[in-house]
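Chain naming here is simple, since letters A, B, ... match the order of the sequence lines and numbering starts at 1 in each.
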Protein chains: 2
Amino acid sequence: MKDEEYLILIGKNISRIRKEQGLTIKELGYRCDMEKTNLIPIEKGRINVTVGTLIKISKALTIDLKELFISDVSSS
Amino acid sequence: MKDEEYLILIGKNISRIRKEQGLTIKELGYRCDMEKTNLIPIEKGRINVTVGTLIKISKALTIDLKELFISDVSSS
DNA sequence: ACATTAGGTATGATATATCATACCTGATGT
DNA sequence: ACATCAGGTATGATATATCATACCTAATGT
């Protein structure tokens, strides 16, 4: 798996879980004190996000950090 | 688990796996094209490492990225 | 005594993640 | 027609991850 693919996977997981919880990007931003100008490219896998940021996001989504790295959510 | 603790955990996992493979920090640096001035604080959990860097490191150690997040290696 | 190696720190430079603001589009609602 | 909201892009500022170099200590080897 290529680096970019990993970042895209992480972004998709964030986006999927956020939507599953019925949250908008703005609401997620409130919860983890982050800007959408940063969250949107993270969900797209366009930027090389830091672990600290992923920790903030996973806390805001009340999930374990590991869940952001799982690769096949029933091959959606 | 606090943010800093997560980074320390990741660093300890890197350090442990590197040593298990008999690699020095310099050798790991060769493999993932990184400086020890960056690798050492990462192993200490002192800097907010990026996912891209963790991907490079996990490739150099021929492990899956997820392995860097496991929390209890027989509670060492 | 000297050289080498491993881990480690200090510091200045460079790249880039993140913030802050502004603006755009399409959808939804009144 | 207008307002609002969601996702999205552009851009300049700020913080900081990473690099590059230099230096230190302790251990090991000759």
Side-chain angles (χ1 to χ4, degrees), chain A residues 1-63 65-69 73 76, chain B residues 1-63 65-69 73 76:
Chain A
M1 186 171 219
K2 290 178 187 165
D3 300 18
E4 320 84 52
E5 292 173 341
Y6 239 126
L7 289 169
I8 290 172
L9 166 69
I10 291 168
K12 282 184 177 172
N13 282 331
I14 293 171
S15 180
R16 175 182 50 78
I17 297 170
R18 170 178 65 80
K19 288 169 184 166
E20 282 171 3
Q21 300 190 5
L23 294 173
T24 67
I25 289 179
K26 188 188 262 188
E27 286 165 337
L28 175 58
Y30 287 147
R31 292 195 184 188
C32 54
D33 194 33
M34 286 182 53
E35 300 298 320
K36 67 173 182 169
T37 45
N38 198 26
L39 284 171
I40 289 172
I42 287 173
E43 285 198 354
K44 300 280 175 189
R46 284 205 211 99
I47 65 182
N48 183 14
V49 63
T50 66
V51 171
T53 295
L54 291 186
I55 291 170
K56 290 202 297 184
I57 292 173
S58 61
K59 281 182 178 171
L61 295 173
T62 61
I63 59 171
L65 179 55
K66 294 186 206 68
E67 293 189 46
L68 296 182
F69 297 92
V73 183
S76 57
Chain B
M1 186 170 221
K2 290 178 188 165
D3 300 17
E4 320 82 52
E5 291 173 342
Y6 238 127
L7 290 168
I8 290 172
L9 165 69
I10 291 168
K12 281 185 178 170
N13 281 331
I14 293 170
S15 181
R16 174 182 50 79
I17 296 169
R18 171 179 64 79
K19 287 169 184 165
E20 282 172 3
Q21 299 189 7
L23 295 173
T24 66
I25 289 180
K26 188 188 262 189
E27 287 166 336
L28 176 58
Y30 286 147
R31 292 196 185 188
C32 54
D33 194 32
M34 286 181 52
E35 299 298 321
K36 67 174 182 170
T37 45
N38 198 24
L39 284 172
I40 288 173
I42 287 172
E43 286 197 354
K44 300 279 176 190
R46 284 204 211 99
I47 65 181
N48 184 13
V49 62
T50 66
V51 171
T53 295
L54 291 186
I55 292 170
K56 289 202 300 184
I57 291 172
S58 61
K59 280 183 179 171
L61 295 173
T62 59
I63 59 172
L65 179 55
K66 295 187 206 66
E67 292 188 46
L68 297 182
F69 298 91
V73 182
S76 56

Can you list everything that forms a ring-ring contact (aromatic ring centres under 6.0 Å, His included) with B:Phe69? Sequence neighbours excluded, please. A:Phe69
Within residues 47-61 of chain B, those residues having any heavy atom closer than 4.0 Å to DNA chain C are none
Suppose we screen for side-chain contact (heavy atoms from CB on, under 4.5 Å). Which residues come up paired with A:Thr24, at least two apart in sequence or across chains? A:Lys26, A:Glu27
side-chain contact (heavy atoms from CB on, under 4.5 Å) filter on A:Ile47, not counting sequence neighbours, yields A:Asn38, A:Pro41, A:Ile42
B:Ile8 versus B:Lys44, closest heavy-atom pair with distance: CG1-O, 3.9 Å
Heavy atoms of chain A, cut-off under 4.0 Å: which first and last nucleotide of DNA chain D, 5' to 3', fall inside that, if you could look? D:dA6 to D:dA10
Report all side-chain donor-acceptor pairs from residues 53-60 of chain B shorter than 3.5 Å, counting only partners two or more places apart or in another chain.
from: B:Thr53; atom 1: OG1; to: B:Thr50; atom 2: OG1; distance (Å): 3.1
from: B:Ser58; atom 1: OG; to: B:Leu54; atom 2: O; distance (Å): 3.1
from: B:Ser58; atom 1: OG; to: B:Ile55; atom 2: O; distance (Å): 2.9
from: B:Lys59; atom 1: NZ; to: A:Asp3; atom 2: OD1; distance (Å): 2.5

Output for pair (A:Lys66 NZ, B:Leu65 CG), nearest 0.5 Å, gives 12.5 Å
Between atom NZ of B:Lys12 and atom CG of B:Leu9, what is the distance when rounded to the nearest 0.5 Å? 8.0 Å
Just jot down the salt bridge (charged side-chain N to carboxylate O under 4.0 Å, His left out) partners of B:Lys19, sequence neighbours excluded, or say none. none
Partner residues of B:Lys36 under the side-chain contact (heavy atoms from CB on, under 4.5 Å) criterion, sequence neighbours left out: B:Ile25, B:Ile40
Axis bend over the full length of the helix from C:dA1-D:dT30 to C:dT30-D:dA1, computed from five pairs that close each end, to 10 degrees: 30°
When rounded to the nearest 0.5 Å, the distance separating CG of A:Asn13 from CD of A:Glu43 is 10.5 Å
Note: A:Gln21 and A:Leu61 closest approach over all heavy atoms is NE2-O, 2.8 Å
Can you build the contact string for nucleotides 3-8 of chain C? Use B for base contact, S for sugar-phosphate-only contact, and - for no protein heavy atom under 4.0 Å. ---SBB
For A:Glu67, side-chain contact (heavy atoms from CB on, under 4.5 Å) partners two or more places apart: A:Ile63, A:Asp64
